[in-house]
Amino acid sequence: MILLTEEPLNPDDAVRAVMTHTDGAYVQFVGVVRSHARGRTVTALEYQAYVPMAEAQMRRIAEQARERWGLACSILHRFGYIPVGEAAVVVCVASAHRAEAFDACRWVIDTVKAEVPIWKKEFANDGTYWIEGEEALPASAS
Amino acid sequence: MTIHVLLFGHYRDAAPSEAEGGAFPVTLADGATVADLAKQLAAQEPRLADLLVRTRIAVRAEFAAPETILQEGDEVAFLPPMSGG
(Lines give C-alpha, C1' and ligand atoms only; values in the text may rest on other atoms or scores of the structure.)
Protein backbone atom coordinates (compact mmCIF):
# COMPACT_ATOMS: atom_id res chain seq x y z
CA MET A 1 0.00 0.00 0.00
CA ILE A 2 1.39 3.36 -1.06
CA LEU A 3 -0.47 6.49 0.01
CA LEU A 4 0.46 10.17 -0.16
CA THR A 5 -2.43 12.22 1.18
CA GLU A 6 -3.41 15.46 2.91
CA GLU A 7 -5.86 13.52 5.11
CA PRO A 8 -5.02 12.05 8.55
CA LEU A 9 -3.28 8.66 8.34
CA ASN A 10 -4.75 5.47 9.76
CA PRO A 11 -1.87 3.18 10.82
CA ASP A 12 -4.22 0.15 10.90
CA ASP A 13 -4.75 0.50 7.12
CA ALA A 14 -1.01 -0.04 6.64
CA VAL A 15 -1.13 -3.27 8.69
CA ARG A 16 -4.20 -4.67 6.97
CA ALA A 17 -2.63 -4.07 3.56
CA VAL A 18 0.42 -6.27 4.23
CA MET A 19 -0.57 -9.00 6.72
CA THR A 20 -1.32 -12.51 5.44
CA HIS A 21 -1.89 -15.79 7.29
CA THR A 22 1.69 -16.88 6.58
CA ASP A 23 3.14 -13.85 8.38
CA GLY A 24 4.18 -14.28 12.00
CA ALA A 25 5.12 -10.68 12.61
CA TYR A 26 4.66 -7.16 11.46
CA VAL A 27 6.79 -4.18 12.39
CA GLN A 28 5.33 -0.74 12.10
CA PHE A 29 6.95 2.67 12.35
CA VAL A 30 4.74 5.71 12.95
CA GLY A 31 6.40 9.11 12.77
CA VAL A 32 4.48 11.74 14.75
CA VAL A 33 4.82 15.54 14.83
CA ARG A 34 6.48 16.43 18.14
CA SER A 35 6.35 19.63 20.15
CA HIS A 36 10.12 20.27 20.34
CA ALA A 37 12.91 20.27 17.79
CA ARG A 38 16.40 21.75 17.79
CA GLY A 39 15.69 23.47 21.12
CA ARG A 40 12.56 25.22 19.80
CA THR A 41 8.92 24.74 20.70
CA VAL A 42 7.05 23.54 17.63
CA THR A 43 3.32 24.08 17.14
CA ALA A 44 2.89 22.34 13.79
CA LEU A 45 4.64 21.18 10.65
CA GLU A 46 3.66 21.81 7.07
CA TYR A 47 4.91 19.17 4.67
CA GLN A 48 5.47 20.09 1.05
CA ALA A 49 5.66 17.29 -1.51
CA TYR A 50 6.61 16.94 -5.16
CA VAL A 51 3.62 14.64 -5.44
CA PRO A 52 4.15 12.61 -8.65
CA MET A 53 7.83 12.01 -7.92
CA ALA A 54 7.23 11.32 -4.21
CA GLU A 55 4.63 8.66 -5.06
CA ALA A 56 6.97 7.09 -7.61
CA GLN A 57 9.83 7.03 -5.08
CA MET A 58 7.61 5.48 -2.39
CA ARG A 59 6.58 2.74 -4.85
CA ARG A 60 10.22 2.19 -5.79
CA ILE A 61 11.32 1.85 -2.14
CA ALA A 62 8.53 -0.68 -1.44
CA GLU A 63 9.61 -2.63 -4.52
CA GLN A 64 13.25 -2.62 -3.37
CA ALA A 65 12.18 -3.92 0.06
CA ARG A 66 10.27 -6.71 -1.66
CA GLU A 67 13.30 -7.63 -3.76
CA ARG A 68 15.74 -7.51 -0.85
CA TRP A 69 13.70 -9.18 1.90
CA GLY A 70 10.84 -10.78 -0.02
CA LEU A 71 8.20 -9.02 2.05
CA ALA A 72 5.28 -6.69 1.51
CA CYS A 73 5.55 -3.10 2.70
CA SER A 74 3.11 -0.23 3.26
CA ILE A 75 4.33 3.35 3.09
CA LEU A 76 1.91 6.15 3.99
CA HIS A 77 2.93 9.82 4.11
CA ARG A 78 0.78 12.80 4.89
CA PHE A 79 1.49 16.28 3.57
CA GLY A 80 0.11 19.77 4.13
CA TYR A 81 -0.44 21.16 7.63
CA ILE A 82 -0.07 18.60 10.44
CA PRO A 83 -0.58 19.55 14.11
CA VAL A 84 1.54 18.23 16.98
CA GLY A 85 0.58 14.68 17.98
CA GLU A 86 -0.64 13.54 14.56
CA ALA A 87 1.11 11.02 12.33
CA ALA A 88 3.14 12.24 9.36
CA VAL A 89 4.45 8.89 8.14
CA VAL A 90 3.60 5.21 8.58
CA VAL A 91 5.72 2.25 7.46
CA CYS A 92 4.60 -1.34 7.98
CA VAL A 93 6.27 -4.56 6.90
CA ALA A 94 4.99 -8.09 7.45
CA SER A 95 7.17 -11.16 7.59
CA ALA A 96 7.33 -14.77 8.74
CA HIS A 97 9.95 -13.82 11.36
CA ARG A 98 10.79 -10.67 13.28
CA ALA A 99 14.45 -10.15 12.37
CA GLU A 100 13.93 -9.30 8.72
CA ALA A 101 10.81 -7.29 9.57
CA PHE A 102 12.82 -5.02 11.90
CA ASP A 103 15.64 -4.71 9.35
CA ALA A 104 13.31 -3.93 6.46
CA CYS A 105 11.20 -1.43 8.41
CA ARG A 106 14.30 0.45 9.54
CA TRP A 107 15.71 0.51 6.01
CA VAL A 108 12.42 1.70 4.51
CA ILE A 109 11.91 4.64 6.89
CA ASP A 110 15.57 5.70 6.57
CA THR A 111 15.31 5.56 2.78
CA VAL A 112 11.98 7.44 2.75
CA LYS A 113 13.57 10.30 4.71
CA ALA A 114 16.51 10.57 2.29
CA GLU A 115 14.99 9.73 -1.11
CA VAL A 116 11.36 10.89 -1.20
CA PRO A 117 10.96 14.53 -2.29
CA ILE A 118 9.08 15.85 0.74
CA TRP A 119 10.11 18.79 2.91
CA LYS A 120 8.91 20.11 6.23
CA LYS A 121 8.30 23.67 7.30
CA GLU A 122 8.45 24.05 11.04
CA PHE A 123 6.21 26.53 12.86
CA ALA A 124 8.15 27.32 16.03
CA ASN A 125 7.90 29.79 18.93
CA ASP A 126 10.61 32.00 17.41
CA GLY A 127 9.68 31.86 13.73
CA THR A 128 9.12 29.60 10.77
CA TYR A 129 11.84 27.41 9.30
CA TRP A 130 12.32 25.21 6.27
CA ILE A 131 14.01 21.98 7.28
CA GLU A 132 16.37 20.78 4.56
CA GLY A 133 18.32 17.71 5.63
CA GLU A 134 20.04 18.74 8.87
CA GLU A 135 19.63 22.45 8.21
CA ALA A 136 16.87 24.79 9.42
CA LEU A 137 16.54 27.84 7.16
CA PRO A 138 14.33 30.83 8.01
CA ALA A 139 11.15 30.84 5.91
CA SER A 140 9.43 33.98 4.69
CA ALA A 141 6.15 34.70 6.44
CA SER A 142 3.11 33.19 4.74
CA MET B 1 12.13 26.59 -25.81
CA THR B 2 10.01 26.81 -22.70
CA ILE B 3 10.98 24.88 -19.55
CA HIS B 4 8.78 24.55 -16.48
CA VAL B 5 10.75 25.11 -13.28
CA LEU B 6 9.67 23.80 -9.88
CA LEU B 7 11.21 25.04 -6.63
CA PHE B 8 10.86 23.49 -3.17
CA GLY B 9 11.79 24.24 0.42
CA HIS B 10 13.21 27.69 1.11
CA TYR B 11 13.90 28.19 -2.60
CA ARG B 12 10.15 28.51 -3.14
CA ASP B 13 10.31 31.77 -1.17
CA ALA B 14 12.67 33.06 -3.91
CA ALA B 15 10.40 32.07 -6.82
CA PRO B 16 9.05 34.89 -9.01
CA SER B 17 6.00 36.49 -7.44
CA GLU B 18 3.74 35.22 -10.23
CA ALA B 19 4.82 31.60 -9.62
CA GLU B 20 2.03 29.42 -8.26
CA GLY B 21 3.07 26.49 -6.11
CA GLY B 22 6.72 27.28 -6.87
CA ALA B 23 6.19 26.61 -10.61
CA PHE B 24 7.07 29.06 -13.37
CA PRO B 25 8.14 28.97 -17.02
CA VAL B 26 11.62 29.92 -18.25
CA THR B 27 12.68 30.48 -21.85
CA LEU B 28 16.00 28.88 -22.82
CA ALA B 29 18.00 28.44 -26.03
CA ASP B 30 17.61 25.05 -27.76
CA GLY B 31 20.23 22.59 -26.55
CA ALA B 32 20.48 24.18 -23.10
CA THR B 33 21.28 21.95 -20.13
CA VAL B 34 20.03 21.87 -16.55
CA ALA B 35 23.27 23.67 -15.56
CA ASP B 36 22.50 26.45 -18.09
CA LEU B 37 19.03 26.79 -16.55
CA ALA B 38 20.49 27.00 -13.02
CA LYS B 39 22.94 29.67 -14.19
CA GLN B 40 20.12 31.74 -15.70
CA LEU B 41 18.03 31.45 -12.52
CA ALA B 42 21.03 32.48 -10.39
CA ALA B 43 21.59 35.55 -12.59
CA GLN B 44 17.97 36.63 -12.06
CA GLU B 45 17.74 35.89 -8.33
CA PRO B 46 20.78 35.76 -5.99
CA ARG B 47 18.91 33.50 -3.54
CA LEU B 48 18.99 30.81 -6.25
CA ALA B 49 22.78 31.01 -6.69
CA ASP B 50 23.52 27.74 -4.88
CA LEU B 51 20.97 25.49 -6.64
CA LEU B 52 23.64 23.31 -8.26
CA VAL B 53 25.51 22.96 -4.98
CA ARG B 54 22.62 22.24 -2.61
CA THR B 55 19.95 20.55 -4.69
CA ARG B 56 19.41 17.31 -6.55
CA ILE B 57 17.76 17.66 -9.91
CA ALA B 58 14.74 15.95 -11.42
CA VAL B 59 13.73 16.23 -15.07
CA ARG B 60 10.18 15.03 -15.74
CA ALA B 61 10.09 13.70 -12.15
CA GLU B 62 13.19 11.47 -12.56
CA PHE B 63 16.60 12.19 -11.02
CA ALA B 64 18.91 13.75 -13.61
CA ALA B 65 22.42 15.19 -13.89
CA PRO B 66 23.30 18.90 -14.39
CA GLU B 67 24.59 18.12 -17.90
CA THR B 68 21.21 16.74 -19.01
CA ILE B 69 20.12 18.44 -22.24
CA LEU B 70 16.61 19.81 -21.93
CA GLN B 71 13.73 19.39 -24.36
CA GLU B 72 10.80 21.73 -25.06
CA GLY B 73 8.22 21.47 -22.27
CA ASP B 74 10.45 19.63 -19.78
CA GLU B 75 9.63 20.01 -16.09
CA VAL B 76 12.81 20.62 -14.08
CA ALA B 77 12.61 20.38 -10.28
CA PHE B 78 15.38 21.51 -7.92
CA LEU B 79 15.23 19.33 -4.82
CA PRO B 80 16.95 20.57 -1.64
CA PRO B 81 18.01 18.00 0.98
CA MET B 82 14.81 16.11 1.78
CA SER B 83 13.15 16.16 5.19
CA GLY B 84 10.12 13.91 5.04
CA GLY B 85 9.24 11.40 7.68
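Below, chains carry the letters A, B, ... as their sequence lines are ordered, and counting in each starts from 1.
Of the listed residues (B:A61, B:A14, B:A77), the greatest number of heavy-atom pairs within a distance under 4.5 Å of chain A belongs to B:A61. In terms of heavy-atom pairs under 4.5 Å with chain B, the best-connected choice from A:Q57, A:H77, A:K113 is A:K113. Comparing A:E115, A:R78, A:E135 by heavy-atom pairs within less than 4.5 Å of chain B, the highest count is held by A:E115. If you tally non-hydrogen atom pairs under 4.5 Å between each of B:G22, B:G9, B:G21, B:A58 and chain A, the highest count goes to B:G9. For the set A:M53, A:Q48, A:E132, the count of heavy-atom pairs under 4.5 angstrom toward chain B peaks at A:E132.
Contact detail for A:L9 and A:A87: the closest heavy-atom pair is CD1-O, 4.0 Å. Between B:T2 and B:E72, the closest heavy-atom pair is N-OE1, 3.0 Å. Heavy atoms only, all atoms of each residue included: A:I2 and A:E55 are closest at CG2-O, 4.2 Å.
Proximity to chain B is limited to the backbone of A:A49, based on heavy atoms less than 4.5 angstrom apart. When heavy atoms are compared at a cutoff of 4.5 Å, A:Y47 approaches chain B solely by way of its side chain, counted from C-beta outward. Neither the backbone nor the side chain of A:A56 comes within contact range of chain B; no heavy atom of the residue lies under 4.5 Å from a heavy atom of that chain. Contacts between A:L137 and chain B at a heavy-atom distance below 4.5 Å involve the side chain alone, from C-beta outward. Contact annotation for A:W130: only side-chain heavy atoms (C-beta onward) come within less than 4.5 Å of a heavy atom of chain B.
Annotation: A:Y81, atom OH; neighbour count of heavy atoms from other residues, nucleotides and ligands within 6.0 Å is above 12. In the displayed structure, A:R38 atom CZ is contacted under 6.0 Å by more than 12 heavy atoms of other residues, nucleotides or ligands.
Cation-pi check for B:R54 over B:Y11 is not met; the charged atom does not lie both under 6.0 angstrom from the ring centroid and within 45 degrees of its normal.
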- Item | Verdict with supporting geometry, B:L7 and B:F24, side chain to side chain contact (heavy atoms under 4.5 Å, CB included) | CA-CA 9 Å; B:L7 298 177; B:F24 57 97; 3.7 Å; yes
